[in-house]
Amino acid sequence: MTTLETIRNAFSGAFNQVAECVAYAPGRVNLIGEHTDYSGLPALPMAIDRGTFIAVAGDESGVVEVRSEQFAGVARLTRAVPDAGAGEPWQRYIAGALAELAEVSPGRGARVLVSGDLPTAGGLSSSSALTVGLIAGLAAAWGERLAPEEAARRAIIAEKHVGVETGGMDQQVIALGKGGQALRIDFLPPATRYVPIPEELRFVVAASGEEAPKGTAAREAYNERVVAARAAAVLLAHQMGFEIESDPPLLAHVADVDVVDVLVDELPEKAPARDAARTAGIAIERLTTLTNGEVDPALKLSIRRVARHVLSEAGRVDAAEAALAAGNLKAFGALLNESHASLRDDLRCSTQALDKVCAAMRKAGALGARLTGAGFGGYALAAVPAGKEDAVIAAAVAATGGPAFAVVASDGLQLL
Ligand code: GLA
């Protein structure tokens, strides 16, 4: 297990000098509200008791050297052109972080050691933990203490720079998480509030056995859904007789209209963004342009299904928050199962292995189970009554080979 002491010792061993500061950024598990954030609709994640330590010592080299015990290769990126040095996918997050710190002591460099116990297979936000922790740790070593909200804000832009049009849930809960609490995040308008987790409710996370880090394989599939949701938003607004003026157009802009559920059924089953833009009378770029890159305007997107998932999932976030407040664990578990079915059938980001591990955990006594994070592989989450954790973990390991383990709601970003 990595601790403040072990990371400090490892840093001294690697670089022959003492670390000046250590940032700790936890992973997260999203309880419910999956594939909603990029539509401006709420999510309910919590920070977990596993995470990433980032030990830093500043220097005057203008180069940032990062070694990691989890990721392969040593990164050497210059402050002036960080992108040029980023080879491996994980190094692109470092380049993104450096771009967001461009104005902080621009001539300075640093040596960095990354270590921790957060699985990198996808689902528990190892990439966002790395990005948030790097931004906070490097800024501190260069003389600027960023507020957690500010570290999160910069990390969101850094990840978009990498090419994942992230909605911003991960970075915010990693920065703002609190022990014993989930974090309800609203995006339009932005707001957060803590939601206490009932004492008898426990959580288990389980690997599906398939890796899907969002920086690589899952990226295209993820971005396609982002654009499908935008296309649905402009078509729904068009049906309602108005045009969404802000960019990008979001399902949040139409979600409150009473008839939205009926109108969703009239959306095209599959259509390219190009057709949606033409129908709505708007410029195609408003749908397909991402912060870094674009989605092919001619690619057929599952517009109706994506909209049905996102809008129904937003309703489940409200219902799940109410169930937690009422201590109604059965209702909470049922919502997790409904969320999984919607992600599997409508958003289509589940896999057979994720379905299998969720089914095994339910059978072993979980109140509910669902994939967590972007999906396409990675991790699943189960809500479990206290005392049943071991049985659920054993069932998950039997189904997929593991790992599976209990997680608890924990504090967010820390400078140690
Ligand atoms: C990834 C993204 C988040 C969110 C989830 C799906 O983790 O980084 O912003 O969209 O997928 O809910």
Side-chain angles (χ1 to χ4, degrees), residues 25-48 89 92-93 96 118-132 152-153 155-177 182-188 190 192 205 211-230 248 250-252 290-292 306 309-314 316-317 320 336 339-340 342-344 346-351 354 370-381:
R28 68 97 185 90
V29 68
N30 189 17
L31 304 185
I32 200 157
E34 211 67 90
H35 286 268
T36 46
D37 59 354
Y38 53 72
S39 286
L41 291 165
L44 186 65
M46 67 185 203
I48 61 174
R92 308 228 309 274
Y93 291 97
L118 190 57
T120 57
L124 302 180
S125 250
S126 58
S127 48
S128 300
L130 174 67
T131 311
V132 172
R153 193 189 68 76
I156 293 169
I157 309 173
E159 285 204 41
K160 290 186 176 179
H161 176 99
V162 171
V164 185
E165 200 66 12
T166 166
M169 151 182 63
D170 307 336
Q171 301 82 355
Q172 289 193 62
V173 71
I174 286 168
L176 303 174
L183 183 69
R184 154 114 187 190
I185 309 177
D186 286 283
F187 299 89
L188 208 79
T192 54
V205 294
E211 303 226 335
K214 71 184 172 200
T216 54
R219 183 171 62 198
E220 309 290 309
Y222 180 89
N223 287 341
E224 276 168 42
R225 279 139 184 94
V226 172
V227 172
R230 292 178 186 172
L250 302 175
L251 278 168
L290 307 176
T291 306
N292 176 2
V306 167
H309 167 73
V310 174
L311 294 168
S312 65
E313 184 77 352
R316 284 186 286 271
V317 175
L336 263 54
S339 169
H340 185 78
S342 178
L343 289 159
R344 179 191 62 210
D346 278 341
L347 199 88
R348 299 202 172 171
C349 65
S350 191
T351 63
L354 281 165
R370 53 183 290 278
L371 71 87
T372 188
F376 312 107
Y379 270 72
L381 160 77

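Any value given below was found using the heavy atoms of this structure, including those in side chains, with hydrogens, waters and symmetry copies removed. Note that ligands are numbered from 1 as they come in the structure, with each ligand's atoms numbered from 1 the same way.
Without hydrogens or angle criteria, H340 side chain to L371 main chain gives a donor-acceptor distance under 3.5 Å. Checked by atom type and distance alone, the side chain of N223 pairs as donor or acceptor with a backbone atom of G163 at under 3.5 Å.
When all heavy atoms of S128 and D170 are compared, the pair lying nearest together is OG-CB, 3.4 Å.
Ring-plane geometry between Y38 and Y222 is classed as perpendicular, the angle between the planes exceeding 60 degrees on a 0 to 90 degree scale with a lower cut at 30.
Using modelled atom types and a 3.5 Å distance limit, the side chains of R28 and T372 yield no donor-acceptor pair. Looking at T291 and E165, their side chains do bring a donor and an acceptor atom within 3.5 Å of each other. For the residue pair S339 / E34, no side-chain donor-acceptor distance below 3.5 Å is found, with atom types taken as modelled.
Set against the non-hydrogen atoms of Y222, the atoms of ligand 1 under 4.0 Å away are 1 (C), 2 (C), 3 (C), 4 (C), 9 (O), 10 (O), 11 (O). Taking every non-hydrogen atom of G168 and a distance limit under 4.0 Å, the qualifying atoms of ligand 1 come out as 9 (O). Close approach of ligand 1 to G167 is summarised as follows: ligand atoms under 4.0 Å from at least one heavy atom of the residue are 9 (O). Of all the atoms in ligand 1, the ones that sit under 4.0 Å from a non-hydrogen atom of D37 are 3 (C), 4 (C), 9 (O), 10 (O). Near Y38, meaning under 4.0 Å from any of its heavy atoms, are these atoms of ligand 1: 10 (O).
In terms of polar-atom proximity, defined here as any N/O pair under 3.5 Å, T166 does make such a contact with ligand 1. Considering backbone and side-chain N/O of E34, one or more are found under 3.5 Å from N/O of ligand 1.
Taking a 4.0 Å cut-off on heavy atoms, R28 registers as neighbouring ligand 1.
Checking D170, T36, N30, V226 against atom 8 (O) of ligand 1, the nearest heavy atom belongs to D170.
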